[in-house]
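So the structure is just underneath, and the comments pick up after that.
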Amino acid sequence: MEKRVRLRFAPSPTGGLHMGGVRTALFSYLFAKKHGGDFVLRIEDTDQTRYVNGAEEYIINALKWCGIEPNEGVGFGDGPYAPYRQSERKELGIYKKYADQLIASGHAYVAFDTSEELDEMRKRLEAAKVVAPQYNAITRQNMRNALTLPEDEVKKIMDSGAPYVVRLKVPRNEEIRFHDIIRGWVTVNSSQVDDKVLLKSDGMPTYHLAHIVDDIEMKISHAVRGEEWLPSAPSHILIYRYLGLEEDMPKLAHLPLILKPDGNGKLSKRDKSGLPMFPLDWFDERTGEKYVGYKESGFTPDAFINMLALLGWNPGDNREIMSKEELIANFSFERVNKSGAKFDPEKTKWFNQQYLRMQTDEQLADSVMPLLEAKGFKKDKAFVTEFCRLIKEKAHFVTEFYDLGSYFFAAPTSYDEKVMTKKWNENSKTTYSKLTEKLTALDTWTTNSLHDLFAAVEPELGKIDMQVVRVLTTGVAGGAQLFDMLALLGKEEVLTRLNKALASLS
RNA sequence: GGCCCGUUCGUCUAGGGGUUAGGACGCGUCCCUUUCACGGACGAAACACGGGUUCGAUUCCCGUACGGGCUACCA
């Protein structure tokens, strides 16, 4: 019988959740939902030295904003496999049980080497021109562990309460072959695999042991993670095997990395592209560093998710704008790429623009009004709605609306020099003064009436340059549809601005 | 250095033994427009290289180059 589909997202609370992590969560979520399965949030807080306050809460909030909600786990209601924090699970002795089992079956052993001794060993090996110094089948013979020390001495050290770690006993020369849903078969020789620490001297399990134990106990069907984990997968295969759980192990999927837009390398916490790397604003209280979020930059979660989904995956046809439901319906690991994808800031903006345009003017007004109020402009909903209608075609983000149309809220104090130099001449003042008179006499002030008036007035006044009218009333060379803009501004405001402009120009 | 993974327009990608190698972002030109945009049309732009296999390789295999990841009592 096929196992129930259960995927987990298992971040460690060492900082804000990076967009690469969000994508891993997203792919897991999409797959789980597509197959009617579960999506679990597990917190892997086994490294107490790197624990960051607020990180866990951030992760939960970020997932919520993105709409990638687990139905089980920390912050989302405990399911049948609680607790979901590894530090709490450790207290229950869950990991030690498995480590003991491995020791008992001869596949793991305790080691007493101090970090100084380990350093020495690496230095010694480097000096001897060993290319990859590691604790393995050969080097462990010269270290202080249960394999080299006499049994009674091992017992003595253990009884004395001295610190020890538990290491995986990796065979010296054995082919380890495993299957990855995305990459196919991968083969590594065990001589390349080191004797990984399973249980640290503080009693905490390492990631390698903890995630395996939890994936098994939580009945996880598919383990999805970034490509950076591929090199340690052989160790994991061995652990499953020695635990007698190879049949029950989740299917593996190693996602391609998200790369920097320019140059090379993994996308980092900060990028000079100008776009955020985090879903929400993140403040790292340790370093005092602030990172802006997609949310605060004016992105909609749907656009963010859509963009992320297309980074390394595609539905197999030309669709790009897809709702969460469509993503779920179409997702499969078979269509995930093998190669890393460079993050494209321009395309990311385009995605948000597409979602911006799908919103009604009223919806946009609801988002824009608070932003305007923050700038000190309070206008009624009808005004802001019309404002949004006029501005939205030029914007990528709601956060840009004010800057793109600030002239709707304040009269210009200067006039675009390029346009004026080119188009303003000795006759202009007369022409536009007369135009102002005609406008003053206009009773009905609407887009259409303004349009008609401009047309009607030209035989008498000569050519009216629309861009000059624009600059006179807004100060800038580009902007919203002219007659719509004048109509929204209102007769009184437009005349005031025109008279002010004419007074200051010769 | 070693090991592992990868390589189609600048970028994200489709495709797959015989195609005018398709789409999207960005870029350019034109059309629409009494302004600003949207929009529409068109265009420039790619199979890393070398060997095989084959009637035929961008596609399959092997090398090379290049890129990336890993190489902790971190995840």
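Chain naming here is simple, since letters A, B, ... match the order of the sequence lines and numbering starts at 1 in each.
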Would the W282(A) and Y58(A) ring centres measure less than 6.0 Å apart? yes
Assign E458(A) to base, sugar-phosphate, or nothing according to its heavy-atom contacts below 4.0 angstrom with the strands shown. base
Among the nucleotides A75(B), G68(B), G6(B), which one has an atom lying closest to any side-chain atom of R183(A)? G6(B)
So what does T206(A) touch, heavy atoms closer than 4.0 Å: a base, only the sugar-phosphate, or nothing? sugar-phosphate
Side-chain-base donor-acceptor pair under 3.5 Å for K394(A) and A37(B): no
If you look at every strand shown and take non-hydrogen atoms under 4.0 Å, does A132(A) touch a base, only sugar-phosphate, or nothing? base
Looking at every strand, decide which applies to F454(A) at a 4.0 Å heavy-atom threshold: base, sugar-phosphate, or nothing. base
Could you measure the distance from the CZ atom of R183(A) to the CZ atom of F178(A)? Nearest 0.5 Å is fine. 9.5 Å
Would you mind classifying the nucleic acid contact of G312(A) as base, sugar-phosphate or nothing, using non-hydrogen atoms under 4.0 angstrom? sugar-phosphate
Side chain of P231(A), heavy atoms from C-beta onward: which of G26(B), A14(B), C70(B) has the nearest atom to it? C70(B)
Whole-Å distance separating the CG atom of D344(A) from the P atom of G23(B): 18 Å
Is it the case that the ring center of F351(A) lies less than 6.0 angstrom away from the ring center of F299(A)? no
Once you apply a heavy-atom cut-off of 4.0 Å, does R122(A) come out as touching a base, just sugar-phosphate, or nothing? sugar-phosphate
Distance check needed: C4(B) P versus I237(A) CD1, whole Å only. 16 Å
Whole-Å distance, W350(A) CH2 to U13(B) C1', equals 13 Å
Parallel, tilted or perpendicular: which describes the rings of F278(A) and Y291(A), with under 30° parallel and over 60° perpendicular? tilted
